[in-house]
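These values consider heavy atoms only, across backbone and side chains, with no hydrogens, waters or symmetry-generated copies. Below, read A as the first sequence line, B as the second, and so on, with proteins coming before strands; counting in each chain starts at 1. Worth saying up front: this structure is predicted, and the values here are computed from it rather than measured.
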2 protein chains.
Amino acid sequence: MTTLKELAALLNISVSTVSKALNDSHEISENTRLRVKELATKLNYKPNRIAQQLKTNKSKTIGVILPTVTNPFFAEVLHGIEMAATNNDYDIIVCLSNETLHKEKRSLELLSNGSVDGFIMTVARESQVQKDTSHITEAISNQLPVLMFDRVIDDIACNKVIVDDFQSVYEATEHLIIKEQRKNILLVSNIEELSVGKLRIEGYTKALTDHNLEPHILKLDHAVDLDVEAKIYNYLQANTSIDAILSIDHVTGIVAINMAKKLGLDIPIDLSVIGFGYEHTQLLSSPKISIIHQKAHKIGEISTNLLIEQIENKDSDIQTIVVPSELKYTESVI
Amino acid sequence: MTTLKELAALLNISVSTVSKALNDSHEISENTRLRVKELATKLNYKPNRIAQQLKTNKSKTIGVILPTVTNPFFAEVLHGIEMAATNNDYDIIVCLSNETLHKEKRSLELLSNGSVDGFIMTVARESQVQKDTSHITEAISNQLPVLMFDRVIDDIACNKVIVDDFQSVYEATEHLIIKEQRKNILLVSNIEELSVGKLRIEGYTKALTDHNLEPHILKLDHAVDLDVEAKIYNYLQANTSIDAILSIDHVTGIVAINMAKKLGLDIPIDLSVIGFGYEHTQLLSSPKISIIHQKAHKIGEISTNLLIEQIENKDSDIQTIVVPSELKYTESVI
DNA sequence: TTGTACGCGTTATCAT
DNA sequence: ATGATAACGCGTACAA
């Protein structure tokens with residue numbers, strides 16, 4: 001890599017002259033400025049970012065810690081983060097916690113050494129369950145801004161960007177009750193231990209009790225593959241009064257549709273189905289599932305802009321932003 | 001952030017003594033070593049990574065440039081990359097090209113300034129179509145190792161990790177012909193302009209001609225949402241002789257199953273369906289789609305290890321590794 | 001207009 | 001056993 005020193009030596013001038021010339025300082029003559037720039041271009045000179053970072057004590061880099069990226073929600077959030085970061089001339093270092101506490105901890109600690117100017121994170125399942133978040137408060141007390149999105153720790157004071165989990169599910173449930181005249185709505189859950197899962201279940205339960213209806217909840221308890229199908233199939237077979245399904249994740253809604261068809265149910269006549277969904281979710285189901293679409297991309301964008309604001313403007317206030325979901329209903333037949 | 005200088009000042013000793021003490025140098029007395037370490041722990045000292053990087057002229061960071069991360073294949077590859085990088089004490093900086101040439105170019109150039117020690121990338125759709133890859137060769141001539149996976153530029157000499165696109169589709173097609181006795185196999189494609197798309201189509205075509213059968217290819221031409229369904233539905237309706245479908249992406253296979261059911265076809269009796277798939281693909285279809293499962297995670301892992309090998313051992317040879325896919329057939333009924 | 005000197009935080013070499 | 005000094009590459013205050 002070409003350095004200022006090398007350019008200076010080749011041109012027989014000092015390093016600082018070269019530096020100033022490249023930065024278009026008024027102190028430098030037109031002549032030398034051009035000579036310097038020409039050689040710099042020719043040798044493809046690029047200022048060493050590491051040196052600049054050391055000098056300014058800023059990395060212009062954000063640490064992004066996600067549980068996983070194979071979950072389409074997080075993937076889309078990451079996309080939003082990347083775009084917003086790029087727009088602000090920031091890089092992102094991505095770490096995946098795999099939902100484990102120790103990896104999340106490790107990443108946070110490892111990057112808290114000047115590598116990044118702040119963090120965007122969603123807390124790992126394990127950290128949330130074990131309520132161990134000392135590593136996060138430590139980073140904050142270390143002067144490193146942390147922004148939490150989606151899964152959030154209430155006790156920690158920091159910027160937060162969350163989804164309207166309670167509200168969107170409440171509305172979706174009410175839609176089923178009022179607009180579609182459903183009475184026996186089954187909630188299917190496999191994330192009941194997460195803060196977001198709890199909120200969604202609460203939204204559902206509240207809507208039902210508000211309308212004097214009985215809740216039906218099927219907890220899948222982390223079932224995978226065929227187990228998911230079997231549990232849903234068996235439940236539907238045993239409980240024929242169910243006339244609507246509300247899935248609080250992005251997979252089981254589609255599975256429910258498939259199982260219902262297998263049982264000979266006519267969707268959406270016999271059964272309405274709403275699930276959480278992203279980009280392709282509706283394309284993958286037939287008939288189209290109604291979805292609660294979380295604006296994942298927007299969440300990433302907002303989070304990034306908010307964090308950068310905090311990084312660059314130390315006395316900015318801490319806030320919690322709620323990003324409303326979009327309810328995309330399939331047209332009702334009733 | 002605590003620095004060596006601060007520790008030294010507080011302990012009334014020199015910076016170099018502190019540095020040596022922390023690095024367990026034999027030159028330092030047991031006594032001061034302990035005093036130093038105690039204070040360091042107390043003040044939560046962490047060596048500034050940026051300064052270390054400047055000193056060693058190594059970033060221990062890999063630049064990862066992907067077209068997108070909402071495609072589950074790339075998401076899973078990223079997961080593999082992240083794990084392997086972490087295992088080797090490397091960080092990853094992630095850039096998303098959004099399939100555009102200019103963003104890919106920009107990312108590559110921006111990071112070629114000491115920010116990273118090398119790149120893992122899959123070339124953007126646009127770069128591949130326009131055959132503009134000068135930015136990649138430039139990085140390489142800049143002494144920055146580049147590893148390409150999946151979509152690859154043949155003309156560029158560098159480490160490559162690819163999928164057995166031709167072979168896996170050839171075998172899948174042959175499976176349909178021989179094991180399932182299918183005669184009219186429809187290939188559904190919406191990525192025909194990508195190198196991997198071409199290879200898959202070639203595998204299909206070769207298998208058919210080897211068995212004296214006629215190819216049927218439905219090119220969707222980047223159709224989205226309902227268009228995808230409509231095109232497949234209409235084709236199946238108009239061509240009732242089709243008895244098998246081979247989708248070369250991870251979406252249209254499932255859509256095809258749904259459309260076939262809608263047309264009253266009995267799967268897998270009337271129609272066999274094979275698609276490319278990942279983690280959850282089979283869970284989302286009913287009956288289960290047969291899938292060609294690319295070992296995305298493994299591709300990420302291998303790529304990372306290979307690149308790090310090249311970074312740390314300059315005279316390692318360049319190679320191309322083919323990662324075989326796994327064919328997960330649903331049990332045939334015939 | 002150009003050059004000198006210093007500091008960012010770390011490590012390594014060379015004194016003491 | 002400890003300390004002084006230089007160096008990585010850059011930017012900038014200050015001197016010439």
| task | Check whether any side-chain nitrogen or oxygen of B/Q52 sits under 4.0 Å from OP1 or OP2 of C/dT11, and answer yes or no. | result | yes
| said: So, taking the atom named CG in B/L147 and the one named OG1 in B/T304, what distance separates them when rounded to the nearest 0.5 Å? | reply: 8.0 Å
| Any side-chain N or O of B/T56 under 4.0 Å from OP1/OP2 of D/dC8? | no
| Polar side-chain atom of A/S107 near backbone of A/K103 as donor-acceptor pair, under 3.5 Å | yes
| In Å and rounded to the nearest 0.5 Å, what is the CG to CD1 distance from B/D91 to A/I93? | 4.5 Å
| task | Among A/E104, A/R151, A/R125, find the one that has a side chain to side chain contact (heavy atoms under 4.5 Å, CB included) with A/P67. | result | A/R151
| field | Donor-acceptor pair present, A/S14 side chain and C/dT4 base, under 3.5 Å | value | no
| query | Checking only heavy atoms, does the side chain of A/K46 share a donor-acceptor pair with the base of D/dG9 at less than 3.5 Å? | reply | no
| query | When you check the phosphate oxygens OP1 and OP2 of D/dC8, does a side-chain N or O of A/N48 lie under 4.0 Å from one of them? | reply | no
| said: Can you say whether a donor on the side chain of B/K20 sits under 3.5 Å from an acceptor on the base of D/dA1, or the other way round? | reply: no
| Phosphate OP1/OP2 of D/dT2 contacted by B/T17 side-chain N/O (<4.0 Å) | no
| query | So does B/S19 get a side-chain nitrogen or oxygen closer than 4.0 Å to the phosphate oxygens (OP1/OP2) of C/dT10? | reply | no
| Are B/K5 and C/dC8 close enough that a side-chain N or O sits under 4.0 Å from OP1 or OP2? | yes
